[in-house]
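What follows is a single structure, written as structure tokens, with notes after it.
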Amino acid sequence: MVDGRSDIQTVAIVPLAPGHIESFHHALDVVSRERKYLSFLEAPPLDQARQFVVDRIARGDPGYVAACSGEVVGWCDITRHDRPIHAHRGTLGMGIVPSYRGRGLGLRLINATLTQARKAGFVRVELSVHADNARAIALYDKVGFVREGVQSDAICIDGQYGDTIMMAIVERENAAG
Ligand SMILES: CC(C)(COP(=O)(O)OP(=O)(O)OC[C@H]1O[C@@H](n2cnc3c(N)ncnc32)[C@H](O)[C@@H]1OP(=O)(O)O)[C@@H](O)C(=O)NCCC(=O)NCCS
């Protein structure tokens with residue numbers, strides 16, 4: 001198991017690939033079990049995570065991982081919406097295991113993923129973040145997301161209700177054709 005004492009410069013930001021599935025699943029599980037940041041409280045079963053990764057690669061959806069010695073320590077992905085009238089939109093999700101946070105990896109991951117989204121013609125990238133997640137909100141502000149609204153009591157974790165903030169980047173100039 002890698003840990004955060006490793007030199008952060010040895011962490012590579014690389015496209016999410018089939019070889020990452022098991023360690024991506026592990027990283028997702030670690031962050032989910034913190035019960036603070038994600039909509040999962042534990043990772044879905046490995047088979048579902050595998051299908052998610054395989055499907056998104058087949059669709060060409062943007063996705064990068066932060067990998068240290070081949071092990072995933074963070075991820076950022078944008079999932080394109082299915083219906084034709086929403087197909088210009090994608091939803092962004094990301095996470096980094098605790099010992100790798102606060103040292104710029106989030107910025108590297110989100111920049112790589114947004115660059116890929118622009119190339120892929122996404123006009124609108126959106127996300128939802130827990131209102132008390134100041135570090136994530138600071139990162140999203142920094143790369144150009146704007147706040148579109150607050151969903152009151154949108155989450156309930158261990159009996160505690162919390163708000164979520166909806167944020168988006170809209171760039172019509174990315175539209176294909
Ligand atoms: C959110 C997350 C992806 C950010 O990645 P990171 O590598 O830790 O963040 P960075 O080091 O790139 O820092 C992001 C910015 O937030 C700032 N920041 C850090 N802690 C902060 C805090 N408590 N309040 C406000 N800003 C803060 C940093 O200073 C940095 O801004 P700067 O570059 O101008 O200094 C990562 O912390 C994480 O995975 N958290 C848990 C899971 C999660 O929240 N996922 C997102 C769900 S929407």
Side-chain angles (χ1 to χ4, degrees), residues 1-16 20-21 23-44 49 52-53 56 61-69 71-81 89-117 122 124-158 160-170:
M1 174 64 53
V2 292
D3 66 41
R5 287 168 296 185
S6 307
D7 183 353
I8 204 78
Q9 296 309 322
T10 67
V11 178
I13 307 296
V14 294
L16 175 64
H20 296 128
I21 289 171
S23 71
F24 163 69
H25 180 255
H26 177 71
L28 176 62
D29 196 51
V30 167
V31 180
S32 298
R33 286 176 188 275
E34 292 180 78
R35 307 174 74 84
K36 281 191 213 161
Y37 306 112
L38 304 185
S39 52
F40 290 119
L41 297 179
E42 61 186 89
F52 170 80
V53 172
R56 62 178 308 109
D61 281 355
Y64 280 81
V65 295
C68 188
S69 305
E71 189 171 340
V72 172
V73 297
W75 72 90
C76 181
D77 53 52
I78 296 171
T79 302
R80 194 182 284 278
H81 292 206
R89 294 165 56 180
T91 298
L92 183 142
M94 70 186 301
I96 296 171
V97 299
S99 57
Y100 282 83
R101 290 178 193 154
R103 289 185 288 161
L105 267 190
L107 187 62
R108 289 169 64 195
L109 270 170
I110 201 167
N111 277 337
T113 311
L114 288 172
T115 298
Q116 187 59 33
F122 283 84
R124 179 181 160 89
V125 177
E126 59 201 50
L127 60 83
S128 153
V129 57
H130 299 179
D132 61 359
N133 192 349
R135 182 163 47 192
I137 293 167
L139 177 62
Y140 301 146
D141 281 338
K142 188 170 187 166
V143 297
F145 281 87
V146 297
R147 289 165 175 74
E148 294 192 317
V150 175
Q151 293 188 305
S152 302
D153 287 353
I155 55 168
C156 184
I157 303 176
D158 300 325
Q160 296 289 318
Y161 290 93
D163 298 347
T164 57
I165 300 176
M166 314 301 296
M167 303 182 82
I169 293 177
V170 181

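Ligands are counted one by one from 1 in listed order, and the atoms in each one are counted from 1 as well. Residue indices begin at 1 and follow the sequence shown.
D141 pairs by the salt bridge (charged side-chain N to carboxylate O under 4.0 Å, His left out) definition with R147, not counting sequence neighbours.
Residues I96 and V31 fail the side-chain proximity criterion, which asks for heavy atoms closer than 4.5 Å. The closest side-chain heavy-atom distance from D61 to D77 is not below 4.5 Å.
Checking each of T164, I165, L38, I137 against H130 for a side chain to side chain contact (heavy atoms under 4.5 Å, CB included) leaves exactly one that passes, namely T164.
Closer than 4.0 angstrom to ligand 1 by heavy atom are V31, Y37, M94, G95, I96, R101, G102, R103, G104, L105, G106, L107, S128, V129, N133, A134, R135, A136, A138, L139, Y140, K142, sorted by chain and number.
Aromatic ring orientation, F24 versus W75: perpendicular (interplanar angle above 60°, classes split at 30° and 60°).
In this structure, E42 does not pair ionically with R35, as no charged nitrogen and carboxylate oxygen lie closer than 4.0 Å.
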